[in-house]
A.B. asks: 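I'd like to ask some things about the structure below.
Reminder, nothing fancy here: chain letters follow the sequence lines and each chain counts from 1.
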Protein chains: 2
Amino acid sequence: MGTVSKALSLLAYFTHGRPEIGLSDLTRLSGMNKATVYRLMGELQESGFIEQADGDRSYRLGPEVLRLAALREAAVPILSVSRRVLKDLSEETGETTHLSLLQGSQLNSLSHAYSPRHATRVMMDDAEVLSYHGTASGLAVLAFAEPEFSETILTAPLPRHTADTVTDPGAIRTLLDAIRQSGVAQSVGGFEAEVHSHAVPVFGPDARVIGALAVAAPASRISDAQAAEIAAALLRAGQTLTRRIGGAAPAHYPQQAAA
Amino acid sequence: MGTVSKALSLLAYFTHGRPEIGLSDLTRLSGMNKATVYRLMGELQESGFIEQADGDRSYRLGPEVLRLAALREAAVPILSVSRRVLKDLSEETGETTHLSLLQGSQLNSLSHAYSPRHATRVMMDDAEVLSYHGTASGLAVLAFAEPEFSETILTAPLPRHTADTVTDPGAIRTLLDAIRQSGVAQSVGGFEAEVHSHAVPVFGPDARVIGALAVAAPASRISDAQAAEIAAALLRAGQTLTRRIGGAAPAHYPQQAAA
DNA sequence: AGTATCGGTTCATTATTTGAACCATTGGTT
DNA sequence: AACCAATGGTTCAAATAATGAACCGATACT
């Protein structure tokens, strides 16, 4: 691992639950030498990727990432395009919708929309890591990812998030086959209890899966009829999003399913 | 300059006008050795900061920056807070508004809002570099920045963007004094001809200037009365934004100006 | 007074980065 | 078809930068 990768890997320790990290904590988290962490953080700070909080001297993400994200969006406007699609989809279904993107081997939630229709909603955060086997989005991605990638995920230990999480690799492979048939993944309470979510894959220009579009609703609200409606709406929205970002579904993706 | 800074400095060559860069171009732009650039870009790619376009092999910003930006916003929600302020301000003034933030020694536009009131509007891009001496935002920042910083900017060569750009450091110092008095900066056609813009500084938690909030309008539309209205609205909006992001104006900032 | 944190610093040792030169391909010119 | 000038990518000895154990001063708690 080069020095640059090491420095950038430090950025991965910042999450919603841990937005600021002190030098000693970061040293422990990363397992690197304190002097090394200190110097790397200094360089990240010079470049604006990191800044130090005013009170204590703990580190947090800096303003430079905003500039880069704005440029990325200008070049590849996935998020801005997705916002419209998410909004329309949440209005159509009356439920919370969200988009997640594959970043390296990690699936991250990146954008979401709520519907005002119901008082109870599934709440979402952006930049959260999604479980592959526990979420509909994760299953949708696995079903259409390269087989080696899916196998790597499935052969690693699969944590049990709730009582309903499916953790048997064999059972999941069966699920994935069904998803490949229908084009829509489903998960009931696999990550958070009482959350019923549906998801479809989103494809990039080379017809490879780049993420997933999902609808998440309180489980008690979802009848079979509603599930079918959501699935149909998702398939349409997924195809729209894939097309608008200049992507293309692979030939084997069930294009005409559910009118 | 450490290896990490070198790698990150490569990211700075990506702009709106140049969203994709090939290896050879990047080598020329950066002045580094080709092998060095190649290896650094490889590391940035592994971390998801860079990805390679499908067709040719040129580089562009990767999806990882989106995740970091979402986390930064969760920790320090300047952009999301500013969007409301910008929207209200553009509705109130009927003109285009934008927020720019100081990143290192560079001032970048990062968020904007349009008003539907007029058919002709000043158009904005996010993640564009703003001139200090040619824009109202730049002047607002200079007026309230550390004196050494302002002097560094003013003693460097000041490019003439339009026929109306003020490029004499002495004249600019006089302007800055006036801005410190009124709290509002103004520039007519200093960066783009026919654009009349007003701007106020935005302050961080340590009462240091972190950016500027601006209103930009076609010069022909701005009468003295309208300029006064815009200035008043800007002062109010600037104070709101500074407060909402947990910032504080310095004691010498004209707080009560224009009720 | 003692001790266990914390952020930050030092400097000889070590390992990584560097760059000139080299390949293989592609696309345009003669 | 031969040539030239690009491109992205690769090699390896030499130069440089990264590393880590130990140390410092400050703060807070026992």
A.B. asks: Send over the distance from A:R57 CZ to C:dT5 P, rounded to a whole Å.
C.D. replies: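 Atom-to-atom, A:R57 to C:dT5, this comes out as 18 Å.
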
A.B. asks: Would you say C:dC6 has OP1 or OP2 under 4.0 Å from some side-chain N or O of A:R28?
C.D. replies: yes

A.B. asks: Write down the distance between CG (B:L23) and C1' (C:dA24), rounded to a whole number of angstrom.
C.D. replies: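 Between C1' of C:dA24 and CG of B:L23: 15 Å.
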
A.B. asks: Given C:dT9, is OP1 or OP2 found less than 4.0 Å from the side-chain N or O atoms of A:Y38?
C.D. replies: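 Affirmative; the distance criterion is met.
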
A.B. asks: Whole Å only: how far is the CG atom of B:L40 from the C1' atom of C:dT17?
C.D. replies: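 These atoms are roughly 9 Å apart.
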
A.B. asks: Could you tell me which non-hydrogen atom of A:L158 sits nearest to which non-hydrogen atom of A:I153, and how far apart they are?
C.D. replies: CD2-O, 3.5 Å

A.B. asks: Answer whether the closest heavy-atom distance between the side chains of A:L66 and B:I78 falls below 4.5 Å.
C.D. replies: no

A.B. asks: Out of the candidates A:D125, A:L110, A:L130, only one should pair with A:H98 under the side-chain contact (heavy atoms from CB on, under 4.5 Å) rule; please name it.
C.D. replies: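 Between A:H98 and the candidates, side-chain contact (heavy atoms from CB on, under 4.5 Å) is satisfied uniquely by A:L130.
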
A.B. asks: Should A:S24 be listed as having a side-chain N or O under 4.0 Å from OP1 or OP2 of C:dC6?
C.D. replies: yes

A.B. asks: When you measure from the side chain of B:E20 to the backbone of B:Y59, do you find a donor-acceptor pair of N or O atoms at a distance under 3.5 Å?
C.D. replies: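 No, because the side chain of B:E20 does not come within donor-acceptor range (under 3.5 Å) of the backbone of B:Y59.
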
A.B. asks: Please report, rounded to the nearest Å, how far the P atom of C:dC23 is from the NZ atom of B:K34.
C.D. replies: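 Rounded to the whole Å, the gap is 13 Å.
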
A.B. asks: Tell me which of A:T3 and B:Y59 sits closer to the 5' end of DNA chain D, going by the nucleotide each one is nearest to.
C.D. replies: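 That would be B:Y59.
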
A.B. asks: For a 4.5 angstrom cut-off between non-hydrogen side-chain atoms, does B:L44 reach A:L8?
C.D. replies: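 Yes; the side chains approach each other to less than 4.5 Å.
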
A.B. asks: Round to the nearest Å and state the distance from A:R39 atom CZ to C:dT14 atom C1'.
C.D. replies: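 Atom CZ in A:R39 sits about 13 Å away from atom C1' in C:dT14.
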
A.B. asks: Between C1' on C:dT13 and CG on A:N33, what's the gap in Å once rounded to a whole number?
C.D. replies: 13 Å

A.B. asks: Is there a donor-acceptor contact under 3.5 Å from the side chain of B:S82 to the main chain of B:L79?
C.D. replies: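 Yes, B:S82 side chain to B:L79 backbone: donor-acceptor pair under 3.5 Å.
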
A.B. asks: For a 4.0 angstrom threshold against heavy atoms of chain A, report the outermost contacting nucleotides of DNA chain D in 5' to 3' order.
C.D. replies: D:dA18 to D:dA21

A.B. asks: What do the steps show when you test A:R57 against A:L23 for side-chain contact (heavy atoms from CB on, under 4.5 Å), and what is the final call?
C.D. replies: CA-CA 8 Å; A:R57 269 163 291 189; A:L23 177 60; over 6 Å; no

A.B. asks: 5'-most contact on DNA chain D: B:A35 or B:I21, nearest heavy atom basis?
C.D. replies: B:I21

A.B. asks: Using atom NZ of A:K6 as one end and atom C1' of C:dT16 as the other, report the distance to the nearest whole Å.
C.D. replies: 9 Å

